[in-house]
Amino acid sequence: MQELIIAPSILSADFSRLDDEIIALEKSQANWIHIDVMDGVFVPSLSFGLPVIRSIRPLTTLPFDVHLMISNAEQYIEDYAQAGADSITIHCEAVQHLDRALQHIKDCGKKAGVALNPSTSIDFLPWVLDKLDLILIMTVNPGYAAQSYITSQQEKIRKVHSLLEQTGYKDKIMIQVDGGINNQTAILSRQAGANNLVAGSYVFSGDYAEKIKNLRVAL
Ligand code: DX5
Ligand code: ZN
């Protein structure tokens, strides 16, 4: 069985004191730090990119889980790998040649993830399982923090979970959920088969360590 991963998203952190925020996460029971890169094209918002990742990399040993919500993500894989990403997740809707892009992430020595928007079908997944470490099922439409969890995605999580079981990839590929995760929706996602939870506004709206502990207890 895979370890349960909790990955706070620093999109909801206080950017004026990002160093303290990262140090606080380091002291909590967070497993990974989720880093949302948005380009204002693939998603409506702009967030931050390479310079910020490079500058926070020395502050923690926690793995950096980089979620690229950008068009032409394949062009930037090497840059994000060099900036300090440990895993790089690209949207299937934002790349021309998904198989090649995933192989590129692996060639850079990083964990490779593919993200699916809420309206995206899982039909393509069987053809790229051998190149994946993580499947990110978006439980909101990407672009903003603090949106509501889309419950229809539970069925998708269940379907991906059974696909991984049937194909023998259950212990090799994590199922990550991102969007609207709190101590209630964490349970729903976990019941459906997710083992990697991203949480932004929930974690950063109180005592981080306490909130992360709540998520663990919920599971
Ligand atoms: C949404 C981002 C998420 C976001 C999650 O586009 O990919 O990682 O920060 O924020 P919450 O947990 O507040 O929905
Ligand atoms: Zn994200």
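Just so you know, these numbers come straight off a predicted model, no measurement behind them.
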Within a radius of less than 6.0 Å around CZ of Arg17, do more than 12 heavy atoms belonging to other residues, nucleotides or ligands occur?
yes

Are Tyr149 and Gln184 linked by a side-chain donor-acceptor pair shorter than 3.5 Å?
no

Can a side-chain donor-acceptor contact be found between Thr120 and Asn117 if the only test is distance below 3.5 angstrom?
no

When you measure from the side chain of Asn195 to the backbone of Met174, do you find a donor-acceptor pair of N or O atoms at a distance under 3.5 Å?
no

Single-linkage hydrophobic cluster, 4.5 Å side-chain cutoff, Leu68 and Val198 together:
no

So, for Ile88 and Lys110, which heavy atoms are closest and what is the spacing to 0.1 Å?
CD1-CG, 4.4 Å

Ala199 backbone acceptor or donor facing Ser9 side chain under 3.5 Å:
no

Does Gln153 reach the main-chain N or O of Pro118 with its side chain, forming a donor-acceptor pair under 3.5 Å?
yes

Residues Lys131 and Lys106: closest non-hydrogen pair is O-CD, 3.7 Å

For the residue pair His67 and His91, categorise the inter-ring angle as parallel (less than 30°), tilted (30 to 60°) or perpendicular (more than 60°).
parallel

Without swapping roles, check the side chain of Asp178 against the backbone of Met138 for a donor-acceptor pair under 3.5 Å.
no

For residues Arg190 and Ala194, report the shortest heavy-atom separation together with the two atoms involved.
NH1-O, 3.0 Å

Please say yes or no: joined through hydrophobic side-chain contacts below 4.5 Å, possibly via intermediate residues, are Leu132 and Leu98 part of one cluster?
yes

Residues Asp99 and Gln103: side-chain donor-acceptor under 3.5 angstrom
no

Are any of the side-chain nitrogens in Lys111 or Asp65 under 4.0 Å away from the carboxylate oxygens of its partner?
no

Under 3.5 Å, is there a donor-acceptor pair linking the side chains of Tyr202 and Asn214?
yes

Looking at Ser45 and Gly143, would you say the former's side chain and the latter's main chain have a donor-acceptor pair under 3.5 Å?
yes

Per the side-chain contact (heavy atoms from CB on, under 4.5 Å) rule, which among Ile212, Leu62, Leu215, Ile33 passes with Pro8?
Ile212

Do any N or O atoms from the side chain of Thr185 and from the backbone of Gly180 form a donor-acceptor pair under 3.5 angstrom?
yes

Between Ile137 and Ile175, is a side chain to side chain contact (heavy atoms under 4.5 Å, CB included) present by the stated rule, with each step listed?
CA-CA 7 Å; Ile137 303 192; Ile175 303 180; 4.2 Å; yes

Nearest 0.5 Å please: distance from the CG atom of Leu25 over to the CG atom of Asn31.
11.5 Å

Assess whether atom CD of Gln96 is packed by more than 12 heavy atoms of other residues, nucleotides or ligands within 6.0 Å.
no

Measure the CG-OG distance between Asn141 and Ser119 for me, rounded to the nearest 0.5 Å.
7.0 Å

Hey, does Asp133 have a side-chain heavy atom less than 4.5 Å from the side chain of Ile173?
no

With a cut-off of under 6.0 Å to the ring centre and 45° to the axis, is Lys172 in cation-pi contact with Tyr169?
yes

